[in-house]
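All heavy atoms count here, side chains included; hydrogens, waters and symmetry mates do not. For clarity, every value in this text was computed on a predicted model and none was experimentally measured. Sequence lines set the chain letters: A, B, ... in the order given, protein chains first and strands last, and positions in each chain run from 1.
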Amino acid sequence: MWPALGDANRMNDFRDAQYLTLFEEAARQAVARFHQLPLWDPYYCGGVPGFGSPQARFASPTFLLTLLTGTLRGAVLAWLLMTVVGLEGTFRYVRARGGGNLAAIAVAPVFALGGVFARSITLGWTNFFSFELVPWALFGVRLALDGSRRGVVIAALAVGWMIGFGGTYTAPLTLLAALFEIATLLATRARRPGRATRLGRVAAMGTLVVLLAVAVSMVRLWPVAETLASSPRILGGTPKMEPMKVWHFLFGEWGKDTSRNDDFRIGLAALPLVLLGVWRRRSIPFVVAAVVGTWLSLGYYKERFSLFAILRTIPPYTMLRAPERFLILVGLAAAVLAALAVRKIEAGGRRRRWLVVAAIGCQALLGFNTAHLVHNVQLKSRVRTMVGSPPIAQREFRQMRGNRWIAAYFPYVSRGSLTCFDDYNVAQSTELRGDLPQEEYLKDADAGTVRRVSWSPDRIDLQVDLTRPARVYVNQNWHAGWHSSVGAVVSESGLLAVDLDAGSHALTLEFRPRSALAGLGTTLLGLVVAGVVAWRARRKDTVPSRREWLLTFALMLAPFLVVALSFKLMREPRPPPLPLLTPSGEPMIVDAPPEDTTPIGARWAEGIVLEAARVELEPRDDAHGPLANVELDWRFDRPVPPGIGVFIQFEKTEKKTTFFATDHVLLSNALWPEDAPLHKTLRDVFDPVDIPEAKTAITWKVYAGLWRARRDMTRLTVTDPGTSSISYDRVLVGSFVLTPP
Amino acid sequence: MLLRLSLQTNIALAAIMAAIGATLLHSRPSGPVAHLRPLANAPAQAFYAAAAKEEVGERKKGQGKFRGSAWSQDDDFHYAEAQFLRSYSKSHRFTMGSVLDALDRGMREKWPTGDSPPPDQKVPPCRPRLSY
């Protein structure tokens, strides 16, 4: 990591690094410049809740490094710190699983210096260093299941840290690994006497872990859950990996420069020891873990036997892609297996002297492997595209049109980037603008004046003088957490606005979201409880009496009182439902299709009817080329299966058949099919489609169909074409002729 | 035993402190913090007009790549815009911060864009594609 440290004050130009840097810098500015909690991030998408941004990492101890040394330098120091934490955690976990001291030290880099972390340095995926906490979480779970209260605290703090660090993949994968820990413990000890008592104790300790982990994570869990509940992560595709690719991920490709390849490298030199470890009886759980992890990592490689496909039907795993990330857990299992092999050889050395030499050989092999992994980290550090640190301008905040590919520049110069990217549909107003003379304004200029008195991310003070009642607009997104000192906060097309009466008003807008504030209270109380439990466990780690059990459970439940009280004390309006309108503002749920549509009456097996459709060609003008406007009028006679989407194909048959496709999963960009009312006409109107120009007249046929867009991507079967025709489970919905310009 | 342990602890602490010291020293800033230096009006306006001209062609390309997806088209344009900003700032020896600032001023102050239409001020809401 030495090369990365030398570059610590420069910026990674890669797109993901850019917006992850923006999240951290926005939080740093909120605390260091404005002396506020980073509740609202006005620098991205027109404003998003800070704690509700799934990939933000500031709710973590490493944020102190950011505050002390700046965002860019803090990220590199965080990598280093997390690596040290990961090495220590792997050492402890491996030792707890019977690896022995020397072996545990030697194998710790197999996981903690693994390829995923090297690659995260290249891409600036700092939040992926949350995987360094996985061994700590499993170590804690292991201890806890053995009755240790210290283990409960360790597991909960590790989970809280990884969630606070933006571990959107880490936490769900850790949950799977923890369930595996429980299963192996129960399986290996099922035959011993006192099974019922032991099961009860495991269940009780597991509950304690869950309660404390949820409590200390609440500052992130609640706001992120709120974000994803209102706009779920939309993922399609059937990602798959060839088995050979898995090999390349884990061990690299011989003779090829893999410095820019995806990588979950554990090192080829460790492989002989991993294979040796397989033959020990106590290795069985880790062999199973490695096999299951590898199977999951294949994704949809063999669709009929895809474990990943099954997992993806269970929330929250419905929101995960990139099955290869399960190889991170395989890396940890491999580290344990290698350690068990070395330990066995070490133990054998007490009786056979030649095994001492073999044990030294094993250590040398693992030492070589560590050197190889360190070299890999160096290699990955050097292939980053680094640019100078952004210039700073502390001035009045304004929104710019922005650019997510270079997002990190904006907060440094007190500007927000309206254009943005995330993996979910961001609740972003269509009324945001990047050219306003002032960010807080009246649309009716004759109604009075608005003057900004002071501005900070969580609080805006305005002086408003009105000659008649009017609406004050703020060039940021609305959120239920915004409150005003006077008037009523409203959402106009998702834009933050306040309705005021006539007169002179000192208007203060404050962002006080219940989820983040009550979540923070719960987390802080959870940390206090963790401290109390650890302190009470200092003499006797197990729970000694029935009274102590009750007390421990009461302590664990205490933080949730904050959640309960917040509903009583903190009023927050429900987000207004999305207006169920077509893009042109007409109602999308009606009794019958519009009169000017063409009746079709095609049916699908799932009780879905395409009642009618309209395909129109909008002529080209100065602003755009030819556009096709399509309306599909659906009716659902039965509840539709979740995860379906609509695809449209434009096909021309002149000379040879070619087509292009477009698809969507929200009807009229507003309604999930599974949420649609039954027996009503659902008008599905979407963005106009650009039609390519040609030198001769072209007849375009337009087909529509349904597919399992967020599942296995197969098409739903058309059972009745109605008045139209079917082709490959597509229904012909219209056609038009495009003449050359 | 106590002395030995203490010595071990001291050595370990000294090693850790040395490692932290070396880390902080190696990662120290190489110079003072760079403050934004806005471009003079003439080069800023020349850049703004060039950016507006570039936008017309790049938006058309995006429309061809992602038909029927307004956010994807806009996002594709912004990828090209980022490339243009990088190459313009490099070829004219401006900083990225100063060309972004010129873009901001140009849009807000409605600077002339020659024959090209003014840059689009609104953005389609983030609607990521199903798969990449």
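Of the two parts of A:Phe686, neither the backbone nor the side chain holds a non-hydrogen atom closer than 4.5 Å to a non-hydrogen atom of chain B. Residue A:Cys420 touches chain B through both its backbone and its side chain, counting heavy-atom pairs closer than 4.5 Å. In this structure, chain B has a heavy atom under 4.5 Å from the side chain of A:Arg73, while its backbone stays farther away. Looking at A:Tyr424, the atoms closer than 4.5 Å to chain B (heavy atoms on both sides) all sit in the backbone: N, CA, C or O. In this structure, the portions of A:Pro692 lying under 4.5 Å from any heavy atom of chain B include both its backbone and its side chain. For A:Gln394, no part lies under 4.5 angstrom from a heavy atom of chain B. Of the two parts of A:Ile648, neither the backbone nor the side chain holds a non-hydrogen atom closer than 4.5 Å to a non-hydrogen atom of chain B. In this structure, chain B has a heavy atom under 4.5 Å from the side chain of A:Val665, while its backbone stays farther away. With a 4.5 angstrom heavy-atom cutoff, B:Glu109 does not touch chain A via any of its atoms. Using a 4.5 Å cut-off between heavy atoms, B:Leu85 contacts chain A through its side chain alone, with no backbone atom that close. For A:Gln438, no part sits under 4.5 Å from any heavy atom of chain B, backbone or side chain. Contact of B:Pro124 with chain A is made through the backbone alone, with heavy-atom distances under 4.5 Å. Using a 4.5 Å cut-off between heavy atoms, A:Leu432 contacts chain B through its backbone alone, with no side-chain atom that close. Neither the backbone nor the side chain of A:Leu72 comes within contact range of chain B, judged by heavy atoms closer than 4.5 Å.
Within a 6.0 Å radius of NZ in B:Lys122, other residues, nucleotides and ligands contribute more than 12 heavy atoms. Atom CZ of A:Phe14 sits in a crowded spot, with more than 12 heavy atoms from other residues, nucleotides or ligands closer than 6.0 Å.
A salt bridge between A:Asp13 and B:Arg86 is present, with a side-chain N of the basic residue lying under 4.0 Å from a carboxylate O of the acidic one. Taking the charged nitrogens against the carboxylate oxygens, A:Arg401 and B:Asp120 have no contact shorter than 4.0 Å, which rules out a salt bridge. With salt bridges taken as basic N to acidic carboxylate O contacts below 4.0 Å, none links B:Asp101 and A:Arg415.
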Subject >> From CA spacing to verdict: side chain to side chain contact (heavy atoms under 4.5 Å, CB included), B:Leu36, A:Arg395 >> reply: CA-CA 11 Å; B:Leu36 177 68; A:Arg395 53 185 175 172; 3.8 Å; yes
Original post:
For B:Arg127 and A:His664, what are the C-alpha separation, side-chain angles and deciding distance, and is it a side chain to side chain contact (heavy atoms under 4.5 Å, CB included)?
Top reply: CA-CA 10 Å; B:Arg127 298 287 177 268; A:His664 58 275; over 6 Å; no
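Residue with the most contacts toward chain A among B:Pro29, B:Pro117, B:Ala22, B:Ala70: B:Pro29 (heavy-atom pairs, distance under 4.5 Å). Contacts with chain A were tallied for B:Arg28, B:Arg59, B:Arg37; B:Arg28 has the most, counting heavy-atom pairs under 4.5 Å. Interface summary for chain A: among B:Pro38, B:Ala82, B:Ser69, B:Gly106, the most heavy-atom pairs under 4.5 angstrom belong to B:Ala82. Of the residues considered (A:Asn425, A:Thr662, A:Leu627), A:Asn425 shows the highest number of contacts with chain B, using heavy-atom pairs under 4.5 Å. With chain A as the partner, the residue from B:Ala34, B:Pro119, B:Cys126 showing the most heavy-atom pairs under 4.5 Å is B:Cys126. Of the listed residues (A:Leu436, A:Val630, A:Leu80, A:Leu77), the greatest number of heavy-atom pairs within a distance under 4.5 Å of chain B belongs to A:Leu436. In terms of heavy-atom pairs under 4.5 angstrom with chain B, the leader among A:Thr430, A:Val689, A:Asp687, A:Asn669 is A:Asp687. When A:Arg10, A:Arg15, A:Arg398 are compared by the number of non-hydrogen pairs under 4.5 Å with chain B, A:Arg398 comes out ahead.
Rounding to the nearest 0.5 Å gives a distance of 6.0 Å between NE2 of B:His78 and CG of A:Asn403. The line from OH of A:Tyr412 to CG of B:Leu100 is 14.0 Å long, rounded to the nearest 0.5 Å.
With sequence neighbours excluded, the residues satisfying side-chain hydrogen bond (donor to acceptor under 3.5 Å, both in side chains) with A:Glu439 are A:Asn475.
Side-chain contact between A:Ile406 and B:Met96 is present, with at least one heavy-atom pair separated by less than 4.5 Å.
No donor-acceptor pair closer than 3.5 Å links the side chain of B:His35 to the backbone N or O of A:Pro391. Listed for the A:Trp405 side chain is a donor-acceptor partner under 3.5 Å among the backbone atoms of B:Asp75.
Scanning both residues, A:Met400 and B:Leu103, for their nearest heavy atoms gives CE-CB, 4.4 Å. When all heavy atoms of A:Asp435 and B:Lys110 are compared, the pair lying nearest together is OD2-NZ, 2.6 Å.
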